[in-house]
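Encoded as structure tokens, the structure appears first; notes follow it.
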Amino acid sequence: MYLSKYFLPILKENPSEAQIASHRLMLRSGMIKQSSAGIYSWLPLGLKVLKKIENIIIEEQIAAGHIPILMPTIQPAELWKESKRLDDYGKEMLRFEDRHGRLMLYGPTNEELVTDIFRSYITSYKDLPKTLFHIQWKFRDEVRPRFGVMRGREFFMKDGYSFDVDKRSAIHAYNRHMISYLRTYERLGLKAIPMKADTGPIGGDYSHEFLVLANTGESQVFYDKEISNLSLGEQKIDYENYSNLESIVHKFTTPYARTDETHDIDLFEKIPEARRVEGRGIEVGQIFYFGTKYSESMGAKIDLANGKRIPIEMGSHGIGVSRLVGALIEANHDEQGIIWPASVSPFDAVIINLKQNDHLCNEISIKIYNMLKANGFDVLYDDRLDSVGAKFSSMDLIGIPKQIIVGPRGVSEGLLEIKFRNNGQRINIPLSNNLIELINELKK
RNA sequence: CGGGCUAUAGCGCAGUCUGGUAGCGCGUUCGUCUGGGGGACGAGAGGUCGUGAGUUCAAAUCUCGCUAGCCCGACCA
């Protein structure tokens with residue numbers, strides 16, 4: 001993409017409404033534009049990141065055996081009457097009437113809708129287990145939206161719903177979600193810690209929130225340092241294997257890790273002092289096994305082999321996709337701007353032409369651009385006529401991990417320069433005919 | 001939902017107290033120069049001062065209403 005042909009409305013000054021880094025940087029780098037309180041348009045750069053995160057989530061959910069669907073944003077209120085949540089939800093739920101006077105709502109979540117789908121078709125234990133998920137816009141009419149996309153009213157969320165014949169199978173679904181989420185966060189370049197969450201009236205041990213450590217986070221967190229050293233790494237996961245998943249989940253849920261909601265000071269103080277960590281975190285996901293809460297009230301039942309009819313065991317599992325964009329920036333930025341992890345960066349690399357009037361620099365920049373595109377890289381070419389400083393600053397701001405710098409000085413010596421956004425290091429690369437050295441460096 | 005604050009050019013702000021020609025920086029347009037960290041000079045364009053009423057010879061400025069947005073708290077993925 002030639003920058004001169006793109007739509008990248010960068011702001012030089014800080015918008016007055018943005019208080020925290022991610023919000024400020026998303027506005028400045030032209031990723032989003034506020035439409036009204038807590039509601040945003042996603043501009044090209046922001047949309048690219050949002051879609052990259054979404055794709056990683058989809059890949060990992062499919063790898064875990066879960067099935068994508070898409071449910072509507074607008075739901076009929078009748079379903080919520082059935083589950084008895086219509087009144088419980090209060091003013092957070094945006095309600096309105098259609099032209100026939102039927103009460104509708106903009107969905108804040110989809111348990112009712114998905115349970116309705118399931119009960120319409122599934123009647124036998126032979127059809128279970130199944131997990132359906134979708135990634136869709138949701139709306140919660142927060143009294144006080146803030147922090148940009150981290151606490152908007154409209155938000156993009158992955159929510160998955162598991163349907164199982166019994167508790168053992170439902171817990172396996174829970175474990176699949178735990179592990180597929182851990183893998184997702186790792187691929188996003190984030191350290192997210194599963195923390196024991198409040199299960200409310202249902203009780204039990206089967207709810208975890210995933211928190212990204214950041215001092216702007218809204219939750220107070222307490223954990224054993226050991227848990228932050230755990231990672232799935234490259235290990236292959238067999239999502240069908242009950243005991244294998246169980247042992248991984250056991251490993252990740254044994255060390256103490258809780259938010260202030262479930263914090264137990266006595267347990268916390270049993271951890272050796274050197275390993276106790278207190279901090280703040282941003283919640284980027286939650287998994288929850290809740291048994292027959294909705295299947296019971298909404299009549300989603302199956303026949304067993306022995307002819308008995310029982311309500312389906314369910315769980316719901318969510319990842320805040322749009323919120324993750326903010327969380328990623330909170331975790332990856334410096335004074336100059338955003339520093340994208342390669343997996344979610346809106347572009348793989350940017351070519352900065354330092355002398356836009358120079359024939360040689362132009363020729364070489366264009367050649368690199370075409371060559372990289374042909375090799376499958378998504379490259380931004382900063383071909384603006386702006387001064388060098390303006391180019392460097394704005395490219396640092398938008399945070400592309402690798403900057404390929406083409407300037408008269410290097411070109412005259414037959415060299416290109418790559419600057420790495422994360423550590424500021426620069427290396428020289430010979431300017432060869434096939435650019436193989438450059439391509440290899442970008443593949444790293 | 002309680003408490004506080006703001007609204008003036010695309011963005012950031014001054015002007016409001018003490019009513020009288022609407023201003024600054026950045027950006028933007030044109031031209032010349034410049035070209036390894038938001039460059040220089042020159043010339044332009046751009047505002048019914050959030051909105052409605054009132055006071056006044058005269059309102060960005062004073063009064064009242066409304067709307068929108070932000071901050072603290074309660075709440076929340």
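In what follows, chains are A, B, ... by sequence order, proteins preceding strands, each numbered from 1.
For residues 425-436 of chain A, the pairs satisfying side-chain hydrogen bond (donor to acceptor under 3.5 Å, both in side chains) are A:E417-A:R426, A:S432-A:N434, A:S432-A:E437, with sequence neighbours left out. Residue pairs satisfying the salt bridge (Lys or Arg N to Asp or Glu O under 4.0 Å) criterion with at least one member in residues 215-231 of chain A, sequence neighbours excluded, are listed as follows: A:E218-A:R323, A:D224-A:R275. Legend: side-chain hydrogen bond (donor to acceptor under 3.5 Å, both in side chains) pairs involving residues 402-414 of chain A, not counting sequence neighbours, sorted by first then second residue: A:D396-A:Q403.
Scanning for ring-ring contact (aromatic ring centres under 6.0 Å, His included) contacts around A:Y256 gives A:H263, A:F268, with sequence neighbours left out. In this structure, A:K443 has no salt bridge (Lys or Arg N to Asp or Glu O under 4.0 Å) partners at least two apart in sequence or on a different chain. Here A:K196 pairs with A:D205 under the salt bridge (Lys or Arg N to Asp or Glu O under 4.0 Å) rule; sequence neighbours left out. A:F156 pairs by the ring-ring contact (aromatic ring centres under 6.0 Å, His included) definition with A:W137, not counting sequence neighbours. Listed by chain and number, the residues in a ring-ring contact (aromatic ring centres under 6.0 Å, His included) with A:H172 are A:Y242 (sequence neighbours excluded).
For B:U61 and B:G20, the P atoms lie 10 Å apart once the distance is rounded to whole Å. For the C1' atoms, the distance from B:G15 to B:C24 is 10 Å, rounded to whole Å. Rounded to the nearest Å, the gap between the C1' atom of B:G42 and that of B:G4 is 47 Å. Across B:G2 and B:G27, the matching P atoms stand 44 Å from one another, rounded to whole Å. Remark: the separation of the P atoms in B:C49 and B:A9 is 10 Å, to the nearest Å. The same atom, C1', is picked in B:U18 and in B:A45; the two are 34 Å apart, to the nearest Å. Only the P atoms considered, B:G47 is 32 Å distant from B:C33, to the nearest whole Å. Rounded to the nearest Å, the gap between the P atom of B:A60 and that of B:A68 is 25 Å.
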task = Summarise how protein sits on nucleotides 67-77 of chain B as a single string, 5' to 3': B when a protein heavy atom is under 4.0 Å from the base, S for sugar-phosphate-only contact, - for no contact.
result = --SSBBBBBBB

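Base pairing of B:A40 is made with B:U32, judged by Watson-Crick or G-U wobble geometry with both donor-acceptor distances under 3.5 Å. With a cut-off of 3.5 Å on both pairing distances, the Watson-Crick or G-U wobble partner of B:C62 is B:G54. If you check B:G2 for Watson-Crick or wobble pairing at under 3.5 angstrom, you find it paired to B:C72. Nucleotide B:A45 is matched to nothing when pairs are restricted to Watson-Crick or G-U wobble geometry with both distances under 3.5 angstrom. B:C13 and B:G23 make up a base pair, with Watson-Crick or G-U wobble contacts both under 3.5 Å.
Each of A:N14 and A:K91 has a nearest nucleotide on RNA chain B; the 5'-most of these lies closest to A:K91.
For A:R426 against B:G37, a side-chain N or O and a base N or O form a donor-acceptor pair under 3.5 Å. Side-chain atoms of A:D396 and base atoms of B:G37 include a donor and an acceptor less than 3.5 Å apart.
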If you restrict it to nitrogen or oxygen atoms, what contacts under 3.5 Å exist between nucleotides 38-46 of chain B and the protein, and what is each distance?
from	atom 1	to	atom 2	distance (Å)
B:G38	O4'	A:A390	N	3.3
B:G38	O2'	A:K12	NZ	2.8
B:G38	O6	A:R28	NH2	3.0

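Side-chain atoms of A:H333 come within 3.5 Å of backbone atoms of A:E330 as a donor-acceptor pair (strictly under, hydrogens ignored). A:R183 places no side-chain N or O within 3.5 Å of a backbone atom of A:E60 that could act as its donor or acceptor partner.
Taking atom CD of A:Q403 as the reference point, atom P of B:G37 lies 14 Å away to the nearest angstrom. A:E13 places its CD atom 12 Å from the P atom of B:U28, with the value rounded to the nearest Å. Atom-to-atom, CG of A:L385 to P of B:U28 comes out at 11 Å; the value is rounded to the nearest Å.
Surrounding CD of A:E363 are at most 12 heavy atoms belonging to other residues, nucleotides or ligands under 6.0 Å away.
Scanning residues 324-344 of chain A for heavy-atom distances under 4.0 Å to RNA chain B yields an empty list.
Contacts of A:K419 with the nucleic acid, taken as non-hydrogen atoms under 4.0 Å apart, include base atoms.
For the residue pair A:E112 / A:S83, a side-chain donor-acceptor distance below 3.5 Å is found, with atom types taken as modelled.
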Tell me which donor-acceptor pairs under 3.5 Å the side chains of residues 3-16 of chain A have, and how far apart each pair is, sequence neighbours excluded?
from	atom 1	to	atom 2	distance (Å)
A:S4	OG	A:D383	OD1	3.3
A:S4	OG	A:D383	OD2	2.6

